[in-house]
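Working notes, beginning with the structure itself.
The first residue of the sequence shown is numbered 1, and numbering continues consecutively from there. Keep in mind it's a predicted model, so treat the numbers as computed, not measured. Just the heavy atoms: all of them, side chains too, but no hydrogens, waters or symmetry mates, feed the values below. As the structure lists them, so they are numbered: ligands from 1, and atoms in each ligand from 1.
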Amino acid sequence: MSKEFNVAIAGATGAVGVEMLKTLEKRHFPVKNLKLLASARSAGKTATFRGETVVIEEMTPDSFKGVDIALFSAGSDISREYRKFVVDAGAVMIDNSSAFRMDDDVPLVVPEVNPEDVARHHGVIANPNCTTAIMLVAVAPLHRAKKLRRLIASTYQAASGAGAKGMAELIEQTRQVLNGEPIAPKAFAHRIAFNLIPHIDSFMDNGYTKEELKMVNESRKMLHCPDLPISCTSVRIPALRAHSESLNLEFAEDITPDEARAILSASPGVQVVDDPAAKRYPMPVDATEKYDVLVGRIRQDISRSDRRGLEMFVSGDQLLKGAALNAVQIAELL
Ligand code: A2P
């Protein structure tokens, strides 16, 4: 008989936690026992897993006895607070928060990019920033073939990046604006309905946001290129749950759009959607609830006189490849 695992989801009621539950079921992950953990506010609520009702429990330091794999998506503070309890219980923590991503003893993994790094774990494996994971699924195969030299990203990030409350705020605010009612932004710094906000996470001294620097630092770590020149501008847009990114890539070797399409078509986790004449290109509504990252608008960068630059556009489900799916894929690697 194949091995089965006792799995816990910490933050099971959140936007990502709910998708983790669905992804475990959809991918037939060999779950023996499942524990759903959240705050005291949710204790006693229920969810369904493989047709059975599971009661949500309040997470406490004792929650991890007998657990093999703990999928965490309850925010950085909770991850920091619970790391010791999880590791002491002998479980492996797969953490969706940013708490440990840049720690030297914590592998940061996208299975299509650097699966080999999982083996170096000491009880904690980090799931990357959602926008970074989506980007690297598309960029890593090109990097392996032609060696990336520089990367400039502009992102178009959905409300789901701010969790269930972000999605609820976009829907509610859209209704309020259409009805001429007053609005009160909470999950975002400004109104998000019929707007966009070039500000995700806090600003740093160099004028970049923390979100933008996650793209820089986490990409360098996962590609094993500590000095790779990368820059990013991250923008929140009123899409519900898939993130999109405009990418300008410079390589060490020549690469044509046809070559890039051929490489990407053969890469796991990627779907090439690139037929502008038929109006086919990646869009957040099409990436929603898909496991694959959509890649299109692939073209030679005309600002250069050589063939070493490419432009492309990607869309990926922030809650799936950007979070829940990637975490479950890491569990599968284990
Ligand atoms: P709860 O629903 O009980 O507040 P999101 O990112 O969508 O906002 O979700 C955050 C997740 O983290 C939710 O499942 C939330 O549970 C959970 N959470 C928040 N605070 C705690 C806590 N102190 N202990 C356990 N889980 C928590």
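Scanning all protein heavy atoms for the shortest distance to atom 4 (O) of ligand 1 gives R41 NH2, 2.8 Å.
Listed by atom number, the atoms of ligand 1 under 4.0 Å from A12 heavy atoms are 14 (O). Set against the non-hydrogen atoms of A15, the atoms of ligand 1 under 4.0 Å away are 7 (O). Near G11, the atoms of ligand 1 lying under 4.0 angstrom from a non-hydrogen atom of the residue are 11 (C), 12 (O), 14 (O), 17 (C). The atoms of ligand 1 that sit less than 4.0 Å from any heavy atom of S42 are 1 (P), 2 (O), 3 (O).
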D117 and H224: side chain to side chain contact (heavy atoms under 4.5 Å, CB included), yes or no, with the steps?
CA-CA 10 Å; D117 289 349; H224 304 147; 2.7 Å; yes

Report the C-alpha separation of F29 and F49 in whole Å, then their side-chain angles, then the decisive distance to 0.1 Å, and conclude whether the ring pair (Phe, Tyr, Trp, His ring centres under 6.0 Å) test is met.
CA-CA 12 Å; F29 191 85; F49 181 64; 9.6 Å; no

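Proximity of the aromatic rings of F72 and F64 is defined here by a centroid distance below 6.0 angstrom, and this criterion is met.
Nearest residue to atom 12 (O) of ligand 1 from S97, A74, A168 is A74 (criterion: closest heavy atom). Summarising the contacts of atom 14 (O) of ligand 1 with N96, I56, T13, the nearest heavy atom is found in T13.
By the 6.0 Å and 45° rule, R83 stacks over the aromatic ring of F100.
Without hydrogens or angle criteria, K35 side chain to S63 main chain gives a donor-acceptor distance under 3.5 Å. Although no hydrogens or angles enter the test, the distance criterion places a donor-acceptor pair under 3.5 Å between the side chain of H199 and the main chain of D201. In this structure a side-chain-to-backbone donor-acceptor pair under 3.5 Å is missing from R149 to E250.
Taking a 4.0 Å cut-off on heavy atoms, G75 fails to register as neighbouring ligand 1.
For S73, every heavy-atom contact with ligand 1 shorter than 4.0 Å involves the backbone, none the side chain. Contacts between A10 and ligand 1, counted as non-hydrogen atom pairs separated by less than 4.0 Å, are absent for every part of the residue.
For ligand 1, none of its N or O atoms has an N or O atom of G163 under 3.5 Å away. At least one N/O-N/O distance between G14 and ligand 1 falls below 3.5 Å. Below 3.5 Å of separation, one finds no N or O of I78 facing any N or O of ligand 1. Note: an N/O pair closer than 3.5 Å links A164 and ligand 1 by distance alone.
Closest of all the heavy-atom pairs between S98 and S76 is OG-OG, 3.3 Å.
Side-chain contact between I192 and I197 is present, with at least one heavy-atom pair separated by less than 4.5 Å.
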